Amino acid sequence: MSFQIPRGTQDILPGEVEKWQYVEQVARELCRRYNYQEIRTPIFEHTELFLRSVGDTTDIVQKEMYTFEDRGGRSITLRPEGTASVVRSFVENKMYGNPNQPVKLYYMGPMFRYERPQAGRFRQFVQFGVEALGSNDPAIDAEVVALAMEMYRSLGLKKLKLVINSLGDVESRKAHRQALIDHFKPRIGELCEDCQSRLEKNPMRILDCKKDRDHELMATAPSILDYLNDESRAYFEKVQAYLTKLGVEFEVDSRLVRGLDYYNHTAFEIMSNAEGFGAITTLCGGGRYNGLVEEIGGPETPGIGFALSIERLLAALEAEGISLPVSQGIDCFIVALGEKAKDESVILVNQLRQAGLSVEKDYQDRKVKAQLKAADRLNAKYVAILGDDELANQVINLKNMATGEQTEVPLNEFVQYVKKALE
RNA sequence: GCGGCUAUGGCGAAGUGGUUAACGCACCAGAUUGUGGCUCUGGCAUUCGUGGGUUCGAUUCCCACUAGUCGCCCCA
């Protein structure tokens with residue numbers, strides 16, 4: 001019996017992992033420029049944290065959590081998203097007392113959702129996300145959105161669509177909610193089962209229904225934008241004004257409803273327009289979550305953030321035919337012939353490595369020809385050939401694999417010579 | 001959770017109810033007894049996801065399971 005990787009998970013192998021490293025590096029650099037600092041929280045938390053923050057009527061909580069009891073009888077859940085943990089840590093570590101407000105954090109790491117895998121959906125996936133806690137300035141909303149967009153743009157993605165909406169504050173939402181119920185209730189029977197159950201629980205989600213998208217009740221449904229109170233409206237307008245000033249193109253879609261309970265005011269989503277991208281086009285989702293910090297036991301603190309999936313980011317790059325500038329190939333391969341040369345090659349390899357070069361040799365007892373072939377496969381820039389003849393004369397043959405040129409180099413100058421040749 | 005499709009060597013992929021399971025790539029060896037990328041020659045699956053059934057006989061038919069894949073729901 002052999003073992004298989006658990007469903008919905010993946011091994012990221014050499015050849016692929018370089019792309020991940022590149023993207024991660026871009027994300028970190030971006031955060032450095034925007035002054036977001038990394039936070040690393042555990043990948044599991046007490047289940048209760050997610051029930052409270054994400055919301056117990058959401059799909060994530062109702063059917064997608066990896067929840068188990070540990071040996072101490074505690075209910076533990078592998079994190080399905082990052083915001084809850086960051087907010088928990090923010091409160092637990094009293095970061096609201098930090099004189100540098102807002103507190104701007106980012107994270108990158110695996111998230112877990114028990115779902116049926118398909119294109120762009122996994123049970124373990126990696127999210128990069130940022131959170132800005134402690135500011136109610138629409139400029140920070142714009143900054144967060146701009147950061148997300150820059151992440152994609154800087155990697156070369158073009159076919160993107162940024163959609164924003166405002167869910168308003170508690171008062172606005174309440175008024176809108178009632179309007180929705182009044183609108184749909186008389187004819188709710190015409191909508192799908194899911195929508196019928198959404199009516200009382202979360203009528204806003206009816207607007208997001210894919211099945212009844214074209215039903216006439218949808219087109220005539222009250223828009224949240226008409227129910228924003230003056231304050232919420234002014235806030236939303238300011239966010240849009242800042243985005244425009246930043247040169248970030250967007251579209252307002254009053255039907256954009258984020259899936260988690262904690263969102264209010266600004267909500268946004270970035271999607272890929274690339275052809276053949278598959279059914280799941282959402283690359284990034286985020287929004288404001290004023291009230292969440294209090295919900296988790298901290299002082300009243302506004303917050304906004306986003307999360308994006310590295311898997312989907314890479315898929316989008318693939319769909320647009322963009323290849324990342326990942327370096328490949330080694331600097332030098334040392335071919336050794338005979339026992340003495342082999343012993344000597346071990347030392348030479350080490351010397352080159354100490355000098356900072358990427359170096360390899362043969363460990364399979366291959367013949368010269370096969371060693372050269374191996375060097376070629378590794379994309380070696382140079383191959384150094386050492387045999388009895390060279391050893392006797394204290395020289396080594398250095399071959400440039402691109403041109404085929406070969407020069408004899410005194411052994412005692414070898415390391416310096418190769419280093420120089422590579423410049 | 002529901003539905004469609006799929007499952008053959010390291011990879012891609014053909015195939016048939018019945019003696020040796022195509023082919024391509026990769027890999028290894030030789031032609032070239034110390035020189036890669038080209039060429040030629042040879043080698044490389046007692047075995048067709050797992051388990052069960054039908055049959056004289058199954059990789060090929062049936063069932064279940066597992067996994068992949070695409071879609072629904074929903075999301076990143």
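In the text below, chain A, chain B and the rest are named by the order of the sequence lines, each starting its count at 1. Nothing here was measured: the structure is a model prediction, and the numbers come from that model.
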Undergrad: So, under a plain 3.5 Å distance rule, would you say the side chain of A:Gln406 forms a donor-acceptor pair with the base of B:U35?
TA: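 Such a pair is found, so the answer is yes.
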Undergrad: Does B:C73 have a Watson-Crick or wobble mate here (both distances under 3.5 Å), and if so which one?
TA: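 Pairing partner: none.
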Undergrad: Name the pairing partner of B:U55, where a pair is Watson-Crick or G-U wobble with both distances under 3.5 Å, or state none.
TA: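 Base partner found: none.
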Undergrad: Base, sugar-phosphate alone, or nothing: which one does A:Leu337 contact when heavy atoms must sit under 4.0 Å apart?
TA: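 Base contact.
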Undergrad: How is A:Arg366 classified with respect to the nucleic acid when contacts are heavy atoms under 4.0 Å: base, sugar-phosphate, or nothing?
TA: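 If one applies the 4.0 Å heavy-atom cut-off, A:Arg366 turns out to touch the sugar-phosphate alone, with no base involved.
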Undergrad: Between A:Arg116 and B:G3, does any side-chain N or O lie under 4.0 Å from OP1 or OP2?
TA: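 So the side chain of A:Arg116 is outside the cut-off, no N or O lying under 4.0 Å from OP1 or OP2 of B:G3.
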Undergrad: Is the shortest side-chain heavy-atom distance between A:Ile43 and A:Pro110 below 4.5 Å?
TA: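 Touching, per the 4.5 Å side-chain cut-off.
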Undergrad: Backbone N or O of A:Gly120 within a donor-acceptor pair of the A:Arg312 side chain at under 3.5 Å?
TA: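 Checking the backbone N and O of A:Gly120 against the side chain of A:Arg312, a donor-acceptor pair under 3.5 Å is found.
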Undergrad: A:His265 vs A:Tyr235 aromatic rings, parallel, tilted or perpendicular, using cut-offs 30° and 60°?
TA: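 Plane angle between 30° and 60°, so tilted.
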Undergrad: Just checking A:Gly338: base, sugar-phosphate only, or nothing, at a heavy-atom cut-off of under 4.0 Å?
TA: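 Here A:Gly338 touches no strand at all.
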Undergrad: Does OH in A:Tyr114 sit with more than 12 non-hydrogen atoms of other residues, nucleotides or ligands closer than 6.0 Å?
TA: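 Not more than 12 within 6.0 Å, no.
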Undergrad: Paired with B:G12: which nucleotide, if any, by Watson-Crick or G-U wobble criteria at under 3.5 Å for both distances?
TA: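 Partner of B:G12: B:C23.
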Undergrad: Closest-nucleotide mapping onto RNA chain B: is A:Ile385 or A:Gly8 further toward the 5' terminus? I mean the 5' end.
TA: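 The answer here is A:Ile385.
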Undergrad: Establish, with yes or no, whether the OP1 or OP2 oxygen of B:G36 is under 4.0 angstrom from a side-chain nitrogen or oxygen of A:Lys369.
TA: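 For B:G36, OP1/OP2 do have a side-chain N/O of A:Lys369 under 4.0 Å.
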Undergrad: With rounding to the closest Å, how many angstrom separate the P atoms on B:A58 and B:G1?
TA: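 The answer is 35 Å between these two P atoms.
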Undergrad: Would A:Arg173 count as a cation-pi partner of A:Tyr227, with NZ or CZ less than 6.0 Å from the six-membered ring centre and within 45° of the ring normal?
TA: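 Judged by the rule, A:Arg173 and A:Tyr227 form no cation-pi pair.
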Undergrad: Look through every strand shown and name the nucleotide pairing with B:C5 as Watson-Crick or G-U wobble, where both distances are under 3.5 Å.
TA: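 For B:C5, the partner nucleotide comes out as B:G68, under the 3.5 Å rule.
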Undergrad: Roughly how many Å apart are B:C38 and B:C44, using the C1' atom of each and rounding to a whole number?
TA: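 Here B:C44 and B:C38 have their C1' atoms 23 Å from each other.
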Undergrad: Using the P atoms only, state how far B:C63 lies from B:U54, rounded to an integer number of Å.
TA: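 So the two P atoms sit 15 Å from each other.
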Undergrad: A:Leu398 has an atom CG; how far is it from atom C1' of B:U35, in whole Å?
TA: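 Between C1' of B:U35 and CG of A:Leu398: 13 Å.
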Undergrad: At less than 4.0 Å, is any side-chain N or O atom of A:Arg377 found next to OP1 or OP2 of B:C28? Yes or no.
TA: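 Answer yes for this pair, as a side-chain N or O of A:Arg377 is under 4.0 Å from OP1 or OP2.
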Undergrad: Identify whether any heavy atom of A:Ala375 sits under 4.0 Å from a base atom; if not, whether one sits that close to sugar-phosphate; answer base, sugar-phosphate or nothing.
TA: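 Contact class for A:Ala375: none.
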Undergrad: Check if the side chain of A:Arg113 and the base of B:A76 share a donor-acceptor pair of N or O atoms closer than 3.5 Å.
TA: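 Yes, a donor-acceptor pair under 3.5 Å.
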Undergrad: Between B:C23 and B:U32, how far apart are the two C1' atoms, rounded to whole Å?
TA: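 Their C1' atoms lie roughly 29 Å apart.
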Undergrad: Which part of the nucleic acid does A:Gly278 contact within heavy-atom distance under 4.0 Å: base, sugar-phosphate only, or nothing?
TA: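 The answer is sugar-phosphate, as A:Gly278 gets under 4.0 Å only of primed atoms, P, OP1 or OP2.
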Undergrad: With rounding to whole Å, what would you report as the distance between B:U46 and B:C5 at their P atoms?
TA: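 Their P atoms lie roughly 31 Å apart.
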Undergrad: Mark yes or no: A:Lys361 above the aromatic ring of A:Tyr363, with NZ or CZ under 6.0 Å from the six-membered ring centre and no more than 45 degrees from the axis.
TA: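 Yes - A:Lys361 lies over the ring of A:Tyr363, closer than 6.0 Å to its centre and within 45° of its axis.
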Undergrad: Please state the C1' separation for the pair B:G9 and B:A22 - nearest whole angstrom.
TA: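 My reading of the C1' atoms in B:G9 and B:A22 gives 13 Å.
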Undergrad: Return whichever of A:Ser309 or A:Gln4 has its heavy-atom-nearest nucleotide of RNA chain B closer to the 5' end.
TA: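 The residue mapped nearer the 5' terminus is A:Gln4.
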Undergrad: Counting Watson-Crick and G-U wobble pairs only, both distances under 3.5 Å, name the nucleotide matched with B:G42, or none.
TA: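 Paired with B:C28.
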Undergrad: May I ask you to say what A:Glu269 touches in the nucleic acid, namely base, sugar-phosphate or nothing, with a heavy-atom cut-off under 4.0 Å?
TA: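 Counting heavy atoms under 4.0 Å across all strands, no contact is made by A:Glu269.
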Undergrad: So, does the side chain of A:Glu115 form a donor-acceptor pair with the base of B:A76 at under 3.5 Å?
TA: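 Side chain to base: pair found, below 3.5 Å.
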Undergrad: Please tell me whether A:Tyr289 and A:Tyr262 form a close aromatic pair, meaning their ring centres lie under 6.0 Å apart.
TA: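 Yes - the distance between ring centres of A:Tyr289 and A:Tyr262 falls below the 6.0 Å cut-off.
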Undergrad: In whole Å, what separates the C1' atom of B:C56 from that of B:C70?
TA: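 Approximately 42 Å lies between the C1' atom of B:C56 and that of B:C70.
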Undergrad: NA contact type, A:Leu283, heavy-atom cut-off 4.0 Å: base, sugar-phosphate, or nothing?
TA: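 The answer is sugar-phosphate, as A:Leu283 gets under 4.0 Å only of primed atoms, P, OP1 or OP2.
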Undergrad: Which whole-number value in Å describes the distance from A:Gln118 CD to B:C5 C1'?
TA: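 That distance rounds to 14 Å.
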